[in-house]
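Worksheet: the structure to be examined is printed underneath.
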Amino acid sequence: MEDSKKTLNFIEEIIEEDIRNGKHGGRVHTRFPPEPNGYLHIGHAKAICLNFGLAVKYKGKANLRFDDTNPVTEDTEYVEAIKTDIRWLGFDWEDREYYASDYFERLYQFALQLIDTGKAYVDDSSSEEIAAMKKGPTEPGIESPYRNRSADENHQLFLRMRAGEFPEGSKVLRAKIDMTSPNMHLRDPLLYRILYKEHHRTGNKWCIYPMYDFAHGQCDSIEGITHSICTLEFENHKPLYNWFIRELGIFPSQQYEFARLNLSYTVMSKRKLLKIVNEGLVEGWDDPRMPTIAAFRRKGYTPASIRNFASLVGVAKRDNVIDLSLLEHSVREDLNKIALRMMVVKDPLPVTLTDYKLNGELVEIENNPEDESQGTRPVTFSRNLLIEREDFMEDAPSNFFRLKPGGMVRLKGAYIILCNEVVKDAHGRILELKCSHIPESRSGNDHSGIKVKSTIHWVDAGTSIDVELKLYDRLFRVEDPNGEDDFMQFINPESLEIVKYARAEAALQKPDPGKHYQFVRLGYFKLDHGFRDGVPVFNRTVTLKDGWAKSKHKSN
RNA sequence: UGACCCAUGGUGUAACGGUAGCACUACAGAUUUUGGUUCUGUCUGUUAAGGUUCGAAUCCUUAUGGGUCAACCA
């Protein structure tokens, strides 16, 4: 959406070929089909951008369709969350909000049609018996003893299944295809099961529910979907998808599969994410350490950065693990242009300017050096300041450019200062720095002639305020934690660091919840849900790139 | 050991029989009142073996490696 690449991905190639051939009158109609049983994650974001993006690019349409055929796991809570996320990403399904459950009656009629043409039968076998008769992929299955009931008997039985005359699990409807097929999905797949469960939309109207395979393709067909795009694991379902369309003689939607997104240092399966939530390892689905869209939103990502990321990762058929750094690159790129700069000191070290005689003054500092139109703001400067503790080093190596005894550094937007004395307590902990300033070095009017190697951030001790900072790290310690059962052992125990009392310039007293900030040299931040005991709480969206930290890491 | 799918630098992704390119990462340098940004440069790649061809990442064969499928989940 952001950029139209010159080269096409394989789905775009198919679409352009179809348009050239006048297939479906050159019409392009896609759909995004979430199951409302969990929150959307960054992998879904890729699928959303793909489906809705294709519709935009080829002047077609994209539907939102909830695949709600399993009343046991689905809920309206998820429906609302999903809609919020898609809208936030910037996509619009207009009036095309559909539900598989809207089509239950038509799907039921489709089932009767298959029964009457001898293509489906009611099976009384238990689920264990059915599994046993299917056998494994390397050997042919065997046919059910109920497979050759007459169309008429099947018809009557299916009517009675719907009427609620049979207990849950006692009967299923199956397609009659081929029990010896090497493709397991073609070994008489289940179409309907009996389930006495209330559905979040249809209530108790139904006690039989269609399976995914019997619902999805037919829903596509009903909606006139031209390109039904799904992930690779449905590749083996395609012959079945096509079989239903052919046997029913309905609109021939076509399925295309692409590789789902995997991100390093996290997991993407709903089951695993649910487990992390349920075991209380995070606050919830929108905890900023989660890979959900809601979490990225709360953490301070922008919709544009996620859309751009989706475009950067591309669309192909090979399994992939995308570097987290690509996502971070994408959000930094966006935030650098829009974020308001502010100064916040995470770990304050008092600095007293012993030669500063004024009763304080205001210095003007730019709000965004990348964008002059964002203007400047006045910041209070005085004799008593706070700087970052790690910006001072007593025995500094030669490549440490910040403050050291007898050394000079510029305070961002203000003066160059000189460190004269280090005040310590009995344990040797540094309590305070006594410094002097160079009056002629004032920012914007510097005629001191002095060049310093570094500029550091600071706040005025008297007027600064407390803020809380929530600093996040990757959820998992290892790049690919996707082991089946042991993934929990790779959880990063230090994925959240809370700085309860950082000191911020006074302007942050009334933070704008809609704005993205850059706390100079600390990273990009966004207001979390609000305040804790009157103290504003900020989530760190992402750090700034830090060459110094890297070189330090290397020499260690 | 059945069927289907996939294989290009560290990670992704292009090249549609004719110069292996782009992004991220990493590294080096320049600029910089954020060790940020910006700019410049460098490193690293066609899984293997055969075949077709004047010419193969691309087509064919085989091998190897990886993924998916045996839920009354989607």
(request) Report the nucleotide, chosen from B:rA14, B:rU37, B:rA74, that has the shortest atom-to-atom distance to any side-chain atom of A:N336. (result) B:rU37
(message) Is it the case that B:rG35 (base atoms only) and A:R402 (side chain only) share a donor and an acceptor within less than 3.5 Å, ignoring hydrogens and angles?
(response) yes
(request) Look at the side chain of A:L544 and decide which nucleotide, out of B:rA70, B:rG36, B:rG35, has an atom nearest to it. (result) B:rG36
(request) For B:rU25 and B:rU37, measure between their P atoms and round to the nearest Å. (result) 9 Å
(request) Write down the distance separating the C1' atoms in B:rC6 and B:rA57, rounded off to the nearest Å. (result) 15 Å
(request) Quickly work out the A:L191 CG to B:rA71 P distance and round it to whole Å. (result) 17 Å
(request) Taking only the side-chain nitrogens and oxygens of A:K550, find out if one of them lies under 4.0 Å from OP1 or OP2 of B:rA26. (result) yes
(message) Roughly how many Å apart are B:rU1 and B:rC43, using the P atom of each and rounding to a whole number?
(response) 46 Å
(request) Measure distances between side-chain N and O atoms of A:N236 and base N and O atoms of B:rU68, and say whether any donor-acceptor pair falls under 3.5 Å. (result) yes
(request) Report yes if a donor N or O on one partner sits less than 3.5 Å from an acceptor N or O on the other, where the partners are the side chain of A:R410 and the base of B:rU33; otherwise report no. (result) yes
(request) Can you tell me which stems RNA chain B forms, taking runs of 3 or more consecutive Watson-Crick or G-U pairs with both distances under 3.5 Å? (result) B:2-7 with B:64-69, B:10-13 with B:21-24, B:26-30 with B:38-42, B:47-51 with B:59-63
(message) Work out how far the P atom of B:rC5 is from that of B:rC39, and round it to whole angstrom.
(response) 43 Å
(request) On RNA chain B, check which nucleotide each of A:E139 and A:S441 is closest to and give me the residue with the more 5' one. (result) A:E139
(request) Measure from CG on A:N368 to C1' on B:rU37 and round the result to the nearest Å. (result) 10 Å
(message) Rounded to the nearest 0.5 Å, what separates atom CD in A:E165 from atom CD1 in A:I194?
(response) 10.0 Å
(request) For the side chain of A:N320, starting at C-beta, report the closest nucleotide among B:rU13, B:rC72, B:rA74. (result) B:rU13
(request) Classify the ring geometry between A:H216 and A:Y241 as parallel (under 30°), tilted (30 to 60°) or perpendicular (over 60°). (result) tilted
(request) Figure out the CG/P separation between A:N183 and B:rC4, and round it to whole Å. (result) 9 Å
(message) Check this for me: does the side-chain of A:E370 come within 3.5 Å of the base of B:rG36 through a donor and an acceptor?
(response) yes
(message) Quick check on B:rU34: is either OP1 or OP2 less than 4.0 Å from any side-chain nitrogen or oxygen of A:R341?
(response) no
(message) Can you see whether A:E223 engages A:N63 through a side-chain donor-acceptor pair at a distance of less than 3.5 angstrom?
(response) yes
(message) Please report the distance, rounded to the nearest Å, between CG in A:L312 and C1' in B:rA14.
(response) 14 Å
(request) Considering just the side-chain nitrogens and oxygens of A:H329, establish if one lies under 4.0 Å of OP1 or OP2 belonging to B:rC24. (result) yes
(message) Of the options B:rC72, B:rA3, B:rC5, whose atoms approach the side-chain atoms of A:P182 most closely?
(response) B:rA3
(request) Ignoring backbone atoms, establish whether A:R318 has a side-chain N or O less than 4.0 Å from OP1 or OP2 of B:rU8. (result) yes
(message) Looking at B:rG35, I'd like to know if its phosphate oxygens (OP1 or OP2) sit under 4.0 Å from a side-chain N or O belonging to A:T455.
(response) no
(request) Return the nearest nucleotide to the side chain of A:S325; candidates are B:rA14, B:rC69, B:rU25. (result) B:rU25
(message) Would the distance check show the side chain of A:H44 and the main-chain N or O of A:I82 forming a donor-acceptor pair, the cut-off being under 3.5 Å?
(response) no
(message) A cation-pi test, strictly: NZ or CZ of A:K272 under 6.0 Å from the centre of the six-membered ring of A:F487 and no more than 45 degrees from its axis. Yes or no?
(response) yes
(message) Tell me whether the count of non-hydrogen atoms from other residues, nucleotides or ligands lying under 6.0 Å of CD in A:E17 goes above 12.
(response) yes
(request) Nearest-nucleotide wise, let me know which of A:E233 and A:T138 is further upstream toward the 5' end of RNA chain B. (result) A:T138
(request) With the side chain of A:K412 defined as its heavy atoms from C-beta on, choose the nearest nucleotide among B:rU34, B:rA74, B:rG35. (result) B:rU34
(request) Sticking with atom C1', work out how far B:rA23 lies from B:rG45, rounded to a whole angstrom. (result) 15 Å
(request) Tell me whether A:Y212 is stacked on the nucleobase of B:rA74, counting only the six-membered base ring and applying the 5.5 Å and 30° thresholds. (result) no
(request) Can you tell me the distance, in whole Å, between the CD atom of A:E235 and the C1' atom of B:rC5? (result) 4 Å
(request) Starting from P on B:rA23, measure out to CG on A:L326 and report it in whole angstrom. (result) 12 Å
(message) Out of the candidates A:E366, A:E388, A:E364, only one should pair with A:K412 under the salt bridge (Lys or Arg N to Asp or Glu O under 4.0 Å) rule; please name it.
(response) A:E366
(message) Under 3.5 Å, is there a donor on one side chain and an acceptor on the other for A:S144 and A:D123?
(response) yes
(message) Can you see if the side chain of A:R193 gets near the phosphate of B:rA74 - specifically, an N or O under 4.0 Å from OP1 or OP2?
(response) yes
(request) Determine: side-chain N/O of A:K545 to OP1/OP2 of B:rU25, distance under 4.0 Å, yes or no. (result) yes
(request) Ignoring hydrogens and angles, state whether a donor on the side chain of A:Q255 or A:E257 is under 3.5 Å from an acceptor on the partner side chain. (result) yes
